[in-house]
**Student:** 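Provided herewith is a single structure, encoded as structure tokens, for subsequent inquiry.
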Amino acid sequence: QVQLVESGGGLVQAGNSLRLSCAASGGTFRRYAMGWFRQGPGLEREFVAGISWSGAGTYYGDSVKGRATISRDNPKNTVYLEMNSLKSEDTAVYYCAARMGFGVFTHDYDYWGQGTQVTVSS
């Protein structure tokens with residue numbers, strides 16, 4: 001069983017950048033594909049980015065493509081999400097997720113963190 005803890009959220013001005021971290025424990029981190037999701041106020045949860053177990057494969061949701069970078073550090077059991085040119089519509093709770101598999105996935109994640117709030121002020 002993998003436990004995930006996100007950090008790095010907060011209040012950010014529009015146009016600025018932010019890096020979120022997700023620390024994993026309780027499992028063999030390199031066995032898991034990782035993903036970031038978000039849920040804005042009144043909205044459904046949305047896929048943001050995914051990364052394969054090795055970090056060689058990545059995939060992004062349309063709403064963040066070109067502004068986000070997902071990466072991972074397997075020795076540190078940590079996955080990151082860096083977002084640039086933040087907009088007010090990026091305001092959401094951001095969740096880290098994990099699932100077994102060798103690809104990059106947009107759904108069917110098994111383990112979830114508690115989330116970290118990101119608020120973008122315009």
Side-chain angles (χ1 to χ4, degrees):
Q1 182 108 7
V2 178
Q3 291 82 46
L4 304 170
V5 178
E6 303 94 338
S7 61
L11 179 63
V12 187
Q13 284 195 327
N16 284 357
S17 300
L18 188 71
R19 189 175 83 156
L20 304 179
S21 300
C22 172
S25 61
T28 304
F29 184 64
R30 65 180 182 275
R31 292 182 178 176
Y32 294 90
M34 302 297 295
W36 284 96
F37 292 77
R38 69 185 183 185
Q39 187 165 17
L43 301 175
E44 294 186 353
R45 190 165 58 193
E46 173 191 20
F47 169 79
V48 176
I51 189 166
S52 63
W53 71 273
S54 67
T58 59
Y59 187 75
Y60 298 92
D62 289 341
S63 60
V64 302
K65 202 168 291 183
R67 300 189 297 121
T69 302
I70 186 171
S71 61
R72 66 190 294 163
D73 187 333
N74 284 348
K76 293 185 178 179
N77 291 350
T78 304
V79 63
Y80 305 96
L81 178 70
E82 183 165 356
M83 291 188 62
N84 304 312
S85 303
L86 285 163
K87 309 172 184 179
S88 57
E89 49 264 46
D90 293 319
T91 294
V93 178
Y94 283 72
Y95 298 92
C96 171
R99 60 163 288 172
M100 299 287 281
F102 292 104
V104 182
F105 303 96
T106 62
H107 58 281
D108 291 341
Y109 281 79
D110 299 309
Y111 305 101
W112 295 83
Q114 293 298 309
T116 185
Q117 176 72 47
V118 173
T119 302
V120 182
S121 64
S122 55

**Student:** Is it the case that one hydrophobic cluster holds both Tyr59 and Phe105, taking links as side-chain heavy atoms less than 4.5 Å apart, direct or via other members?
**Tutor:**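 Yes, Tyr59 and Phe105 fall within the same hydrophobic cluster.
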**Student:** Evaluate the side-chain contact (heavy atoms from CB on, under 4.5 Å) criterion for residues Val48 and Tyr60: first the C-alpha distance (whole Å), next the side-chain angles of each, then the deciding distance (0.1 Å), finally the verdict.
**Tutor:** CA-CA 6 Å; Val48 176; Tyr60 298 92; 5.9 Å; no
**Student:** Would a line drawn from the ring center of Phe47 to the ring center of Phe37 be shorter than 6.0 Å?
**Tutor:**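 Centroid distance Phe47-Phe37: below 6.0 Å, so yes.
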**Student:** Looking at Ser17 and Asn84, would you say the former's side chain and the latter's main chain have a donor-acceptor pair under 3.5 Å?
**Tutor:**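 No, Ser17 side chain to Asn84 backbone: no donor-acceptor pair under 3.5 Å.
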**Student:** Among pairs that include at least one residue of residues 65-122, which meet disulfide (SG to SG under 2.5 Å), considering only residues two or more places apart or in two chains?
**Tutor:**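 Found Cys22-Cys96.
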**Student:** Do you reckon Val104 sits in the same ILVMFWY cluster as Val2, going by side-chain contacts under 4.5 Å, direct or chained?
**Tutor:**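 Cluster IDs for Val104 and Val2 differ.
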**Student:** For the pair Val12 and Thr119, evaluate side-chain contact (heavy atoms from CB on, under 4.5 Å) and give the outcome as yes or no after the intermediate values.
**Tutor:** CA-CA 6 Å; Val12 187; Thr119 302; over 6 Å; no
**Student:** Look at the side chain of Glu6 and the backbone N and O of Gly115, then say whether any donor-acceptor pair between them is shorter than 3.5 Å.
**Tutor:**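 Judged by distance alone, yes, a pair lies under 3.5 Å.
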**Student:** Under a 3.5 Å distance rule, please check whether Ser54 uses its side chain to pair with a backbone N or O of Ala56 as donor and acceptor.
**Tutor:**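 Yes, because the side chain of Ser54 sits within donor-acceptor range (under 3.5 Å) of the backbone of Ala56.
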**Student:** Show, in sequence, the C-alpha distance, side-chain angles and deciding distance for Asn77 and Ser25, and conclude whether the side-chain contact (heavy atoms from CB on, under 4.5 Å) test is met.
**Tutor:** CA-CA 7 Å; Asn77 291 350; Ser25 61; over 6 Å; no
**Student:** Mark yes when over 12 heavy atoms from residues, nucleotides or ligands other than Tyr111 sit less than 6.0 Å from its OH; otherwise mark no.
**Tutor:**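 Check passes, neighbour count above 12.
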**Student:** Around Gln39, counting heavy atoms of other residues, nucleotides and ligands shown, do more than 12 lie under 6.0 Å from its CD?
**Tutor:**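 Result for CD/Gln39: enclosed.
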**Student:** Flag this pair as yes if the NZ/CZ of Arg99 is under 6.0 angstrom from the six-membered ring centre of Tyr32 and inside a 45 degree cone about the axis; otherwise no.
**Tutor:**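 No cation-pi geometry.
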**Student:** In plain terms, say whether Asp62 and Lys65 are close enough for a salt bridge, that is, a side-chain N and a carboxylate O under 4.0 Å apart.
**Tutor:**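 Here Asp62 pairs with Lys65 in a salt bridge, since their nearest N and O are under 4.0 Å apart.
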**Student:** Closer than 3.5 angstrom, by distance alone: can the side chain of Arg67 be matched with the main-chain N or O of Ser63 as a donor-acceptor pair?
**Tutor:**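 Side chain of Arg67 to backbone of Ser63: a pair is present.
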**Student:** For Glu46 and Arg38: C-alpha separation, side-chain torsions, deciding distance, then whether salt bridge (Lys or Arg N to Asp or Glu O under 4.0 Å) applies.
**Tutor:** CA-CA 5 Å; Glu46 173 191 20; Arg38 69 185 183 185; 2.8 Å; yes
**Student:** Do the numbers put Arg72 on top of the ring of Trp53, so that NZ or CZ is under 6.0 Å from the six-membered ring centre and no more than 45° off the axis?
**Tutor:**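 Not satisfied by the 6.0 Å and 45° rule.
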**Student:** With clusters defined by side-chain heavy atoms of hydrophobic residues (ILVMFWY) lying less than 4.5 Å apart, directly or transitively, does Trp36 cluster with Leu86?
**Tutor:**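 Same hydrophobic cluster.
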**Student:** Would you call Val120 and Lys87 a side-chain contact if the rule is heavy atoms closer than 4.5 Å?
**Tutor:**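 Not touching, per the 4.5 Å side-chain cut-off.
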**Student:** Is there a continuous path of hydrophobic side-chain contacts, each under 4.5 Å between heavy atoms, that joins Tyr94 to Tyr80?
**Tutor:**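 Shared cluster, no.
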**Student:** Using the rule that Ile, Leu, Val, Met, Phe, Trp and Tyr join whenever any side-chain heavy atoms are under 4.5 Å apart, tell me whether Val79 and Trp112 fall into a single cluster.
**Tutor:**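 No, because Val79 and Trp112 fall into different hydrophobic clusters, even though each may have its own neighbours under 4.5 Å.
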